[in-house]
Amino acid sequence: MDYESELNESQYRAVTTIDGPLLIVAGAGTGKTRTLVYRVARLVETGVRPESVLLLTFTRRAATSMLARAASLADSRCQRVSGGTFHSMAYAVLRKYAELAGVERSFTVLDSSDTEDLIDLLRRQMNFRGKERRFPRKRTLCAIFSMAANKLMPLGDVLKRYYPQFAREKGDLEQLLNAFESYKRERQMLTYDDLLVRLRDALEENQELCQRLSEQYRYIMVDEYQDTNRLQAQIVRLMTAAHDNVAVVGDECQAIYSFRGASFKNMLEFPELFPKAQLIKLEENFRSSQPILNLANEIISDASESYAKRLFSRMTEGEPPMLVSAGDENEQSRFVAERIEELREEGVPLHEIAVLFRASSHSFDLEIELGKHGIPFRKFGGIKFAESAHIKDALSFLRVALNPADTLSWFRALKLIDHIGDATVQQILDHLGIERREFRTVRAKESLFNRLKQFPARASYKDQLIKLAHVLRTIVEQKSPHAQLSTVLRLYRPILKSRYDDYPRRQRDLEHLQAIAKRYKSAAELLADVALDPSDAAQRDGRGSGYVTLSTVHSAKGLEWNTLFVIWMTDGWFPSSRSVEEFEDLEEERRLLYVAATRAKQHLYFTYPLGAYRGGMPDAPPVVSRFLEFIPDTILSRATLM
DNA sequence: TTGGACCGCCTTTTT
DNA sequence: GGCGGTCCAA
Ligand SMILES: Nc1ncnc2c1ncn2[C@@H]1O[C@H](COP(=O)(O)OP(=O)(O)OP(=O)(O)O)[C@@H](O)[C@H]1O
């Protein structure tokens with residue numbers, strides 16, 4: 001391939017600078033992703049073993065599509081390059097080198113709702129209630145603990161800095177954290193954060209592992225480096241100990257994940273971690289027309305911590321972005337739907353159109369309206385398939401069968417039976433001796449599940465409990481996750497119907513889950529994939545092109561569309577009213593809007609409803625987002641729907 | 001011990 | 001409009 005004609009001069013330099021540490025700093029749409037794709041292709045073409053190249057991205061979806069592009073551009077061997085998120089890579093490494101890393105190979109991955117449930121369970125057991133003071137709720141607890149892990153900060157510092165209102169609970173929180181950590185360790189459960197922490201610890205403590213990993217991965221690339229955290233930076237440093245071959249790309253203006261412990265300071269600190277680092281800047285935007293970039297520059301130039309970059313493009317022609325005020329929410333939805341219909345008639349393919357919003361619930365009304373207009377759409381972000389209750393219910397049986405020490409899943413499965421609550425589950429687990437023994441072999445598991453039938457059960461739930469025991473026994477013997485799910489569903493379907501009014505929808509989800517399960521040979525793989533990728537696993541199939549994309553701005557990162565709508569540009573919604581108090585939070589909202597605006601290639605609309613609607617800023621009439629309010633008409637034209 | 005009724009608080013972004 | 005906590009009947 002002729003790399004020089006496909007890339008501009010600095011991109012070409014980034015692609016051909018192969019050895020040693022490299023920091024690529026670049027604005028939106030300047031070809032960072034393209035550069036990484038070509039860099040992968042180039043490495044493979046010059047004879048580097050594809051398996052020794054590692055591409056770390058923000059979602060697994062991004063990695064898959066980048067590798068597919070590299071393969072189609074150059075060499076099909078690019079498909080064999082290792083790609084994924086830090087978390088999926090950590091999972092793979094911990095499984096592969098379980099002994100060296102000091103974990104059981106059969107460890108369970110807890111997704112965020114499992115983690116919340118576990119913390120809730122422990123909090124209740126430790127009984128912090130009854131106190132006058134308010135104790136943080138489970139979501140907040142997870143966020144606090146996660147922040148400490150990802151920012152490498154002691155709990156006390158996290159409290160002082162981000163949660164001063166709970167600083168007085170430090171003692172109790174530390175106690176809870178300790179209980180949480182030992183509970184997970186005893187049962188070989190790893191949260192998302194643990195995947196990274198345990199990998200880091202293993203790399204630090206075990207020279208051999210460190211050595212073997214740096215040999216396995218000779219060339220490492222990290223996309224979206226501005227949204228990595230310090231823990232991830234440590235991992236990158238340790239994994240490249242033997243060769244320093246690492247290229248990271250990022251844009252400080254697009255840092256939008258600080259709520260998850262990420263910090264764009266990683267970009268600034270990269271040269272300290274890798275003193276030999278070369279710096280390459282990409283400046284020309286290839287995505288958007290200049291009028292769109294003018295608006296983006298305007299949004300970000302108001303930033304109080306002024307970023308020096310200004311985006312420019314050779315596509316100087318184009319209409320300026322438009323700000324449209326609607327009477328109420330539904331008028332906003334109708335405007336978007338009707339405009340999409342017009343575009344469709346003009347021949348714009350639906351996959352070149354997207355609607356973005358700050359929070360996933362903001363699109364509910366639009367979803368109904370698009371339905372009425374017969375416009376197919378797909379939604380990204382928000383509630384995840386794998387985190388809905390019915391999917392977790394069904395999978396909890398597979399988890400128990402795989403790892404009977406997974407008490408969390410026992411609670412979930414047993415409590416599906418009427419008249420069994422927390423107390424009864426605990427009695428059952430005591431009866432089974434779950435906490436004391438190990439159950440690895442099929443034999444041991446079978447006799448365990450048989451013992452379930454001998455539990456002195458009350459008449460009110462005895463029959464159901466025996467059925468459940470039978471289901472568990474059966475699925476231990478079954479190999480394929482598809483067959484196992486069929487067994488589970490025989491028990492679970494009636495329960496589903498009695499519990500949920502909207503069971504037809506949920507039943508369809510379960511059928512979908514079964515279809516997904518067909519792709520897997522073992523329950524362990526299925527469960528890991530579902531946990532590591534709670535939304536994608538369900539959406540991987542059928543990447544058709546005949547639909548409009550609806551997405552949170554966060555999930556739209558790195559993507560681009562010809563025509564873009566950003567809805568709910570009402571102050572209090574975007575920026576979110578919860579982020580306007582703290583300066584740093586507000587700046588992150590601004591960067592978020594910058595990310596949104598720079599997704600558009602040619603047409604960009606912002607809409608906001610004027611009609612009174614509760615929420616956002618209570619008791620105040622809705623006004624347009626402070627980020628757009630004072631932008632001159634020449635840069636952002638205005639229209640009102642009537 | 002479970003589960004239903006009631007009340008008050010909070011409401012985001014994701015691996 | 002949902003979730004978490006509390007109170008009470010069965
Ligand atoms: N040298 C080039 N010649 C032609 N088109 C290019 C070139 N570089 C990038 N592009 C195109 O510009 C668009 C933006 O590129 P890309 O997605 O790689 O940018 P990015 O820096 O990753 O963007 P962002 O950070 O905003 O997600 C893509 O459509 C890409 O194909």
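The basis for the numbers below is simple: all heavy atoms, side chains too, and nothing from hydrogens, waters or symmetry mates. Chain A is the first sequence line, chain B the second, and so forth, proteins listed ahead of strands; every chain is numbered from 1.
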For this session: Check whether any side-chain nitrogen or oxygen of Thr424(A) sits under 4.0 Å from OP1 or OP2 of dT2(B), and answer yes or no.
Result: yes

For this session: Indicate yes or no: at least one non-hydrogen side-chain atom of Asp251(A) is less than 4.5 angstrom from one of Phe264(A).
Result: no

Mind listing the N/O atom pairs, protein and nucleotides 13-15 of chain B, below 3.5 Å?
unit_1	atom_1	unit_2	atom_2	d
dT13(B)	OP1	Ser360(A)	N	2.8
dT13(B)	O4'	Arg358(A)	NH1	3.3
dT13(B)	O2	Arg358(A)	NH2	3.2
dT14(B)	OP1	Thr552(A)	OG1	3.0
dT14(B)	OP1	Ser555(A)	OG	2.9
dT15(B)	O4'	Arg260(A)	NH1	3.3
dT15(B)	O3'	Thr85(A)	OG1	3.3
dT15(B)	O2	His87(A)	NE2	3.4

Exercise. Angle class for the Phe58(A)/Tyr257(A) ring planes (parallel below 30°, perpendicular above 60°, tilted otherwise)?
Worked result: tilted

Exercise. Under 3.5 Å, side chain of Thr57(A) to main-chain N/O of Thr59(A), donor-acceptor pair present?
Worked result: yes

Problem set entry | Distance in angstrom units between Arg137(A) CZ and dC3(C) P, rounded | 12 Å

Problem set entry | Test of ring centre spacing under 6.0 Å for Tyr91(A) and Phe107(A) | yes

Exercise. When the distance from NZ of Lys138(A) to P of dT11(B) is rounded to whole Å, what number comes out?
Worked result: 15 Å

Exercise. Got a second to check how far Gln234(A)'s CD is from Asp201(A)'s CG, nearest 0.5 Å?
Worked result: 9.0 Å

For this session: I would like to know whether Phe259(A) and His554(A) meet ring pair (Phe, Tyr, Trp, His ring centres under 6.0 Å); could you show each step before the answer?
Result: CA-CA 12 Å; Phe259(A) 70 92; His554(A) 282 91; 5.7 Å; yes

Seminar exercise, completed: Expected list for residues 414-422 of chain A near DNA chain B, using heavy atoms below 4.0 Å, is Asp418(A), His419(A), Ile420(A), Gly421(A), Asp422(A)

Problem set entry | Aromatic ring proximity, centroids under 6.0 angstrom, Phe455(A) and His431(A) | yes

For this session: Enter the distance from His362(A):NE2 to Thr570(A):OG1 here, rounded to the nearest 0.5 Å.
Result: 8.5 Å

Problem set entry | For atom CD1 of Ile428(A) and atom C1' of dT1(B), their distance in whole Å | 13 Å

